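Have a look at the structure below, then the notes.
Letters go in sequence order (proteins before strands), and every chain restarts at 1. Values below: every heavy atom of this structure, side chains too, minus hydrogens, waters and symmetry copies. Keep in mind it's a predicted model, so treat the numbers as computed, not measured.
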Amino acid sequence: MRTTPIIEMEKRFDPKSYESHWQNEWAAKEYFVCAVPADLSAQGAQQPYCIMIPPPNITGKLHMGHALQSTLQDLLTRWRRMQGRNALWLPGTDHAGIATQLMVERDLAKAGQSRQDLGRERFLERVWAWKEQYQGNIRKQLDLLGASCDWTRERFTLDEGLSRAVREAFVRLYEEGRITRGEYLVNWSTGLDTAISDLEVEMRPAKDKLWKIAYPIADSKERVVVATTRPETLLGDTALAVHPDDERYRHLLGKQAVVPIAGRLIPFVADESVERGFGTGVVKVTPYHDMADFETGRRHGLPGIQVIDRKGLMTAAAGAEFAGLDVEAARELVLVKLRAAGLLVHEEDYLHNVGFCQRSGVRVQPLMSTQWFCDVSAMAAQALAAQQDGRLELVPASWGKTWEHWLQNIRPWCISRQLWWGHQIPAWYDEAGRCFVARSREEAAAQAGHDRLTQDGDVLDTWFSSALWPFSTLGWPEKTADLAYFYPTSVLITGFDILFFWVARMAMMGLHFTGQSPFARVHLTGLVRDAEGVKMSKTKGNVLDPVDLVEEYGADAVRFTLALLDSPGRDIPLDPERMAGYRAFGNKIWNATRFALSKVGDTQVPTSIGYARLALPERWILSRLSETAASVDAALEEFRFDIACRDLYHFFWSDFCDWYIEMAKSGLDPGGERLLVKEVLLLTLDRALRLLHPVMPFLTEELWQKLPGHEAIHPQTICLSAYPAPEAAWILSSAETEEMVRFRETVTIVRNERADRKLTHRDKAELYLQSAKSEVPHSEVDAIRFLTSESVQRLLSSMAGIRKVLVAEPPPGVANRHIRDGVSLSVRFDVVVEAVDPEKLRLELTKCEENIVKVRARLESAEFVAKAPEAVIAGARKNLETLELERARLRAVLEMDSQAG
RNA sequence: GGGCGCUUAGCUCAGCUGGUUAGAGCGCUACCUUCACACGGUAGAGGUCCCCGGUUCGAGUCCGGGAGCGCCUACCA
């Protein structure tokens, strides 16, 4: 027999000492590389499980949101992999059109250059060089977090394969008549010099002014007053609108107004969109510079006049003295002239919502422009139906209404962008201006009958390629084995902030092109905020960097914290203090393992256990282990990562460390050995580490590899070992559960008595037991027999400092008498003890009496007794009994102490 | 204007289909350097569950109304 072996483990764990080692090892051994099974019909063929990473921007750095989502994706992937699924987590990056182009342009600007100086071709070379430089960053950061991606399948949205998918999708949608090219009023960003989609417009309150301007009526002395926030656009007015039922203005219908300054005559139109109560009830209509007016103009067949150009400058159509002025200057000049003409009636401060370009921050300028549009109405109906009939489940389900509302009110998607970095639109024009949409230049030439073609200079909205991500990454439009096997994917995890940008569009495209929802379930996470709940932003300086956090707390603590804080439908306030707490949890796991290894000698991790030979403490921890395995599984099935982590934490720290290891100690002592304690210790530790592995992969691998005989569980790695399943046979019987409760209560009573007297664990005590009633039912005999048994006495000795358990009347002077299930327990300390603080006792007594009143009142209510279920009534009765006994004890202690004092 | 969510201990949050004296982490207090762990142990203090009303034997939990906060959405110029 070996005595205490030397365990070469530090007292404090140090994540840095092993995290990168294991990440390298896992990558080198290709544990996470997935393959389609050769024979899908074979018995025991693995079921696929697939998650597509929401591709981070290629030039980007991972932020806390990525860290959160990656943690959850990895957690699910590792869990399913251990459950035996062929689990693929496919990584990749997004070319992020505008974001990336802006970064490179900013870099160019430092050298005093613009992209136009370089020209399209050389500029794109520059961007590709950037891409090469940054590509590896994302992987490095995911590796740091412990991500178990299959990097052999890494994809990039501008890869040849994905680009082919983009062209294919575009051409098919064009052929179906869903994609069209035309001139419409679009959201124009003068900051980016491109059109943007509705989603990229951010509505923000802006402090403006509301001006009231008088328009003379033609052939009349009358004037009509109009309210506007944009007087400069009156140069492009083509009508004035009033509500059809507005008595004040009915007589004007059919007449004409004179546009101030411009002098043009414009008609009055009656339109129901006009709010009679706002302003004067008369609206100027500028179809080419206002979204609402565009619609009004269409309804009434009004022409439009473009007075502002794509740079935000006034056009010649605005008049010679305005042409070339920017909007602000033009406004001032218009106001000066109106004042001079006596037509400016009123001016007031005005707060209203205005559209800003999300990316560049400038005010969006509605502008007439020729763009490509995708009519998504039919696809939206599909996406809506999929959600409603359950093919696509949103978690939390509360997002359903938002989903419905957006899809029901969807408008055409402007998909062209006046940028260079991205998928160039697969449309070619000949000298005659004819347009040929085709999969390649050759195909377009074949259509045209000649090769004198120029490709459309615009690129597609980045989200167009992202929308194809779940299947373009698997080889679509080819009918690949990957696509057949892994598609549709199992789960999507992403932030609610891109529900429309990305999730809805993937659903639409996926359903349209493959006939299947691209994912069965979508888990939408909240936003990661700072400790005070404030949104992280560079300007506020409260941004936490996942890389820094991993450096400080270790990846496992970061992961555990993020997963634990992910409660459904809630944002995540991230306090680094909290991470320190879960780093301590890592240390706890480390030291529990260290303890076990120092005690088990040559014992190997058992693969099965002789359950019938086990004593109560061993049975109890196996029962808790089994319950935990069940609850963690159930929680993960529902994406309740918070519950899963809490249960694991509680099981490991409270059940395993605080109770089981303490109980195991006496069972390991020479002379008092219980059967199979070492085996159970190792078995529990092995399974606990495996249960924890999906959320804390590094620590668990490091420790699991140290367990003697772990190779029998899996020859190589915990990553591929089986996830522990609940064992129904290990659940304690109710009689055994009662015994365990009794034992724990007894320990707590003794500890309380000791603490009340400010004694230390060195002050030993005797425990006196008696039946509390004159007649002694069986259960109490059992209870006393249990508490006086040798094994329990040994446990009470090591855990509660009880020297001896006696069945006898406590000696005089011992007033404390706790009654539990008909057994009275009194603790007598060896040392002369101080009286318990009477103030505290009186407080307890008061509380106790209040409760007695409450419970008694309930039991005396006839209705309660008549209508409440049996169990609840019995519970209340028992409760009352316990409270009354407690009251008696407190009174006795108080009385005795007062006599003594 | 429409929709959604939140309001529970000093802080950040759990509380499933209503059922004993409402929980966790951190923080706080007291005692303990006990041979796995001071990133520890034991014990403890701390809450009119936002307000009002209703249903019920019983409401943090269900229903109605209100207040405050947050987010999404929207053609009152």
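Taking the C1' atoms as reference points, U20(B) lies 34 Å from A67(B), given to the whole Å. C71(B) and C31(B) have their P atoms separated by 47 Å, with the value rounded to a whole Å. Between the C1' atoms of G53(B) and C69(B), the separation comes to 23 Å (whole Å). G1(B) and G47(B) have their P atoms separated by 40 Å, given to the nearest Å. Taking atom C1' in both A45(B) and G10(B), the straight-line distance is 12 Å, to the nearest Å. The same atom, P, is picked in G64(B) and in A14(B); the two are 23 Å apart, to the nearest Å. Rounded to the nearest Å, the gap between the C1' atom of G46(B) and that of A22(B) is 14 Å. The same atom, C1', is picked in G27(B) and in C39(B); the two are 16 Å apart, to the nearest Å.
For Ala292(A), whose side chain is taken as the heavy atoms from C-beta onward, the closest listed nucleotide among C75(B), C76(B), U21(B) is C75(B). Taking the side chain of Lys599(A) as heavy atoms from C-beta on, and the options C76(B), A36(B), C37(B), the nearest nucleotide is A36(B).
We find that CD of Glu404(A) is positioned 19 Å from P of G2(B), with the value rounded to whole Å. A74(B) atom P lies 11 Å from atom CD1 of Ile410(A), rounded to whole Å.
Contact check on Lys16(A) versus Asp14(A) returns no salt bridge, with no Lys/Arg side-chain nitrogen under 4.0 Å from an Asp/Glu carboxylate oxygen. Electrostatic pairing of Arg411(A) and Asp198(A) counts as a salt bridge here, judged by a charged N lying under 4.0 Å from a carboxylate O. Using a cutoff of 4.0 Å between basic side-chain nitrogens and carboxylate oxygens, Glu753(A) and Arg889(A) are scored as salt-bridged.
Looking at heavy-atom distances under 4.0 Å, Trp653(A) makes contact with sugar-phosphate atoms alone, never a base. As judged by a 4.0 angstrom heavy-atom cut-off over every strand, Cys848(A) is placed among residues making no nucleic acid contact. When heavy atoms are screened at a 4.0 angstrom cut-off, Phe656(A) is found touching no nucleic acid atom at all. At a threshold of 4.0 angstrom between heavy atoms, the contacts of His761(A) include nucleobase atoms, whether or not backbone atoms are also involved. Arg570(A) comes within contact range of the sugar-phosphate backbone alone, with a heavy-atom separation under 4.0 Å but no base atom that close. Here Leu883(A) lies in heavy-atom contact (under 4.0 Å) with a base. Residue-level contact check: Arg12(A) touches the bases, meaning some heavy atom is under 4.0 Å from a base atom. Residue-level contact check: Arg640(A) touches the backbone only, with heavy atoms under 4.0 Å from sugar-phosphate atoms and none from bases. Here Ala876(A) lies out of heavy-atom contact (under 4.0 Å) with every strand. Arg858(A) comes within contact range of the sugar-phosphate backbone alone, with a heavy-atom separation under 4.0 Å but no base atom that close. Using a 4.0 Å heavy-atom criterion, one finds that Lys665(A) contacts the bases of the nucleic acid, with or without backbone contacts as well. No contact: His650(A) has no heavy atom under 4.0 Å from any strand. No engagement by Asp293(A) is indicated, since no non-hydrogen atom pair under 4.0 Å with the nucleic acid exists.
Taking a pair to require two hydrogen-bonding distances under 3.5 Å in either a Watson-Crick or a G-U wobble arrangement, U7(B) pairs with A67(B). Base pairing annotation: U56(B) forms no Watson-Crick or G-U wobble pair, as no partner gives both donor-acceptor distances under 3.5 Å.
Comparing Phe278(A) and Lys847(A), the nucleotide of RNA chain B nearest to each residue sits closer to the 5' end for Lys847(A).
Within the 3.5 Å criterion, the main-chain N or O of Leu574(A) finds no donor-acceptor partner in the side chain of Asp530(A).
Residue pairs meeting the ring-ring contact (aromatic ring centres under 6.0 Å, His included) criterion with at least one member in residues 554-589 of chain A, sequence neighbours excluded: Phe560(A)-Tyr582(A), Phe560(A)-Phe585(A), Tyr582(A)-Tyr649(A), Phe585(A)-Tyr649(A).
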What N/O pairs connect the protein and nucleotides 55-58 of chain B at under 3.5 Å? Give each pair on its own line.
| residue | atom | partner | partner atom | Å |
| --- | --- | --- | --- | --- |
| C57(B) | OP1 | Lys867(A) | NZ | 2.2 |

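Taking the centre and axis of the six-membered ring of Tyr553(A), the NZ or CZ atom of Arg583(A) falls outside the cone set by 45° and 6.0 Å. Taking the ring centre of Phe595(A) as origin, the terminal cationic atom of Lys665(A) falls inside the region bounded by 6.0 Å and 45° from the ring axis.
Within residues 572-586 of chain A, the residues having any heavy atom under 4.0 Å from RNA chain B are, by residue number, Pro573(A), Arg578(A), Tyr582(A), Arg583(A), Ala584(A).
Considering Trp413(A), Trp403(A), Trp399(A), Trp406(A) as possible partners of Phe500(A), the one that fulfils the ring pair (Phe, Tyr, Trp, His ring centres under 6.0 Å) test is Trp406(A).
Taking 3.5 Å as the limit, the base of C37(B) and the side chain of Lys588(A) contain a donor-acceptor pair of atoms between them. A donor-acceptor contact under 3.5 Å is not formed by the side chain of Glu753(A) with the base of A43(B).
With contacts defined as side-chain heavy-atom distances shorter than 4.5 Å, the pair Phe652(A)/Cys657(A) qualifies. Residues Val225(A) and Tyr215(A) form no side-chain contact, since every pair of their non-hydrogen atoms from C-beta on lies 4.5 Å or further apart.
Aromatic ring centres of His523(A) and Phe641(A) lie closer together than 6.0 Å.
For the residue pair Ser537(A) and Lys535(A), no side-chain donor N or O sits within less than 3.5 Å of a side-chain acceptor on the partner.
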